[in-house]
Amino acid sequence: MTKVDTNLYNELKSRGLLYQCTDEEALKAMLESGKPITLYEGTDPTADSLHVGHCVPYTILRRFQKAGHKVLVLMGGATAGIGDPSGKSEMRPLMTKQQIVSNIEKIKKSLSVFLDFEGENPAIIVNNADWFDDLNYLDFMREIGVHFNINKMLSNEIYANRLKEGGLTLFELGYMPMQAYDFVHLNKQYGCTLQYGGADQWGNIAAGTELARKLNFVHGTDVSLVGATNPLLLTPEGKKMGKTEKGAIWIDKDKISAYDFYQGIYQTPDACVKMMFALFTDLDMSEIEKLIGENIVEAKKRLCFEITKFVRGEEDAILAKNMSENLFADGGDDAPIVKIERAEISDGIGFLSVMVRAGLANSNGEARRLVQGGGVTAGGEKVTDPNLKLFESDFENGSLLLKKGKKSFVKIEII
């Protein structure tokens, strides 16, 4: 039997990972009892991969699993068919069942970064389509829907934006009862007593604990469920983290290079660095606070390395770190390489076409605008003439480092 770490409650509190709880004293008692509990976190598979922002709850589930507790990951095969209205001003686009199934299979790969699905205490993936597909609508509304008061539901923050826009549908109102029923069902099937999720899910999570209480009264049972949330990882502008100007910071290696992943983490706002350390690393909080207090830039570099190592492995972390350091030192030893045949430059080759070949621009027109904007260098010198031609003499030892802005660089080599 897996030994249970009774210090988990203190760890969650000290790292700032417990934000709201329906019964914190009960949660504390559960986690300090020395007995394993079963908990779950739910995700609607609305994409075929996860980005860093999606993974905040999984970093917490990881801590529960390491502490000896049983972890369930609920894939919303049924609820994704509606779409969570939380924080949305428009109804989510409807997904086909085929899209949902495909996304679930692909997301499983990303989850293995955070959770162990083998060994003596494996995490389990469940899909709420497995029980909702067999439920009769009338039976569900008679047994479950009767316990939901519309006035109370509409006062919940998860529906605020949809109400404000005047477009909330009956379809979307069904989301909260379904998520609440998930908790009740998982308690019956797996003995699950805790649901953990993002703070934006507070209304849905609390609805599950309330539904269990009402069903206790109806059936004479004594089921006690606890709901808890983690704080959201938000930028100073109030936006969820996980995306940058260049796109999402994907967990799947096939969707993003090690360098772009590393640089995406580096764009973490200073105000979010402490929480990112707390979530994605096991560094002691005193060490984290010392790092941030002494030098925020060096702290962010350490954060980039630690998270890249955790998600992608140490080899990728070292590669990305070296590429970043070489970029700013103008060494470019680990820069992506694009090869040009010597014959192509015998009479000179247009600089704009080289930028397109290097992937620094999508077209000659875009390349021209970048050059005219002063954002491109070649061999460490700014390029200002869009009609520039490159000759073999411009290549030192047969190579030339091109840089667009501060974060994109490519080495051109003559072959």
Side-chain angles (χ1 to χ4, degrees), residues 1 4 6 8-9 18 20-42 61 64 68-79 82 84 86 121 123-159 170 172-197 201-229:
M1 182 177 177
V4 174
T6 57
L8 180 58
Y9 174 80
L18 178 60
Q20 299 155 297
C21 188
T22 58
D23 189 340
E24 191 166 339
E25 285 303 312
L27 176 63
K28 185 174 186 292
M30 290 162 64
L31 299 184
E32 294 181 347
S33 70
K35 298 178 182 179
I37 66 167
T38 299
L39 74 153
Y40 90 98
E41 188 274 339
L61 292 188
F64 273 89
H69 299 291
K70 190 68 177 179
V71 168
L72 307 176
V73 179
L74 171 66
M75 288 290 174
T79 43
I82 292 181
D84 184 2
S86 301
N121 182 32
I124 298 174
I125 294 177
V126 295
N127 184 342
N128 62 11
D130 291 341
W131 50 90
F132 276 114
D133 283 354
D134 294 329
L135 277 177
N136 176 279
Y137 173 78
L138 183 58
D139 290 341
F140 180 77
M141 294 305 292
R142 284 171 60 89
E143 296 174 17
I144 304 300
V146 69
H147 297 296
F148 287 82
N149 182 285
I150 292 295
N151 288 336
K152 186 174 180 180
M153 289 175 66
L154 293 182
S155 68
N156 198 288
E157 188 178 350
I158 68 171
Y159 294 117
L170 176 62
E172 293 165 288
L173 279 174
Y175 191 90
M176 181 183 284
M178 290 177 72
Q179 183 168 329
Y181 181 75
D182 284 337
F183 202 172
V184 170
H185 177 85
L186 292 175
N187 173 260
K188 289 180 180 178
Q189 186 168 352
Y190 294 95
C192 181
T193 53
L194 173 65
Q195 181 183 3
Y196 223 108
Q201 292 298 307
W202 174 247
N204 291 325
I205 292 172
T209 63
E210 180 72 5
L211 176 60
R213 187 187 65 79
K214 291 179 178 179
L215 292 175
N216 281 339
F217 180 78
V218 172
H219 301 300
T221 51
D222 187 26
V223 174
S224 180
L225 304 183
V226 176
T229 68

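Note that the structure is predicted; figures quoted are calculated from it, not measured.
Remark: side-chain polar atoms of Ser33 are paired, donor with acceptor, to backbone N or O of Lys35 under 3.5 angstrom. Without hydrogens or angle criteria, Thr229 side chain to Trp202 main chain gives no donor-acceptor distance under 3.5 Å. Panel note: side chain Asp23, backbone Val226; no donor-acceptor pair is recorded below 3.5 Å.
Within the 4.5 Å cutoff, the side chain of Met141 has no heavy atoms near those of the Pro177 side chain. Counting heavy atoms from C-beta outward, Asn128 and Tyr181 have side chains that stay 4.5 Å or more apart. The side-chain heavy atoms of Val71 and Asn121, taken from C-beta on, include no pair separated by under 4.5 Å.
Residues passing the ring-ring contact (aromatic ring centres under 6.0 Å, His included) test with Phe64 are His69, Tyr196, sequence neighbours excluded.
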- request: Test side-chain contact (heavy atoms from CB on, under 4.5 Å) on Ile37 and Val4 and set out the steps.
  value: CA-CA 9 Å; Ile37 66 167; Val4 174; over 6 Å; no
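Considering every non-hydrogen atom in both Pro36 and Gly68, the closest pair reads CB-O, 3.5 Å. In this structure, Tyr40 and Cys192 approach most closely via the heavy-atom pair CD2-SG, 3.6 Å. The nearest pair of heavy atoms linking Met75 to Ile125 is CG-CG2, 3.9 Å. The two residues Gly197 and Glu41 have their closest heavy-atom pair at CA-CG, 4.3 Å. Considering all non-hydrogen atoms of both residues, Ile205 and Ala228 come closest at CD1-O, 3.8 Å.
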Identify every side-chain donor-acceptor pair in residues 129-136 under 3.5 Å, counting partners at least two apart or on other chains, and give the distances.
from, atom 1, to, atom 2, distance (Å)
Trp131, NE1, Asp182, OD1, 3.1
Asn136, OD1, Leu138, N, 2.9
Asn136, OD1, Asp139, N, 3.0

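Of the candidates Ile124, Leu61, Asn127, Val126, Val73 forms a side chain to side chain contact (heavy atoms under 4.5 Å, CB included) with just one, namely Leu61.
Sorted by first and then second residue, the salt bridge (Lys or Arg N to Asp or Glu O under 4.0 Å) pairs involving residues 206-219 (not counting sequence neighbours) are Glu210-Arg213.
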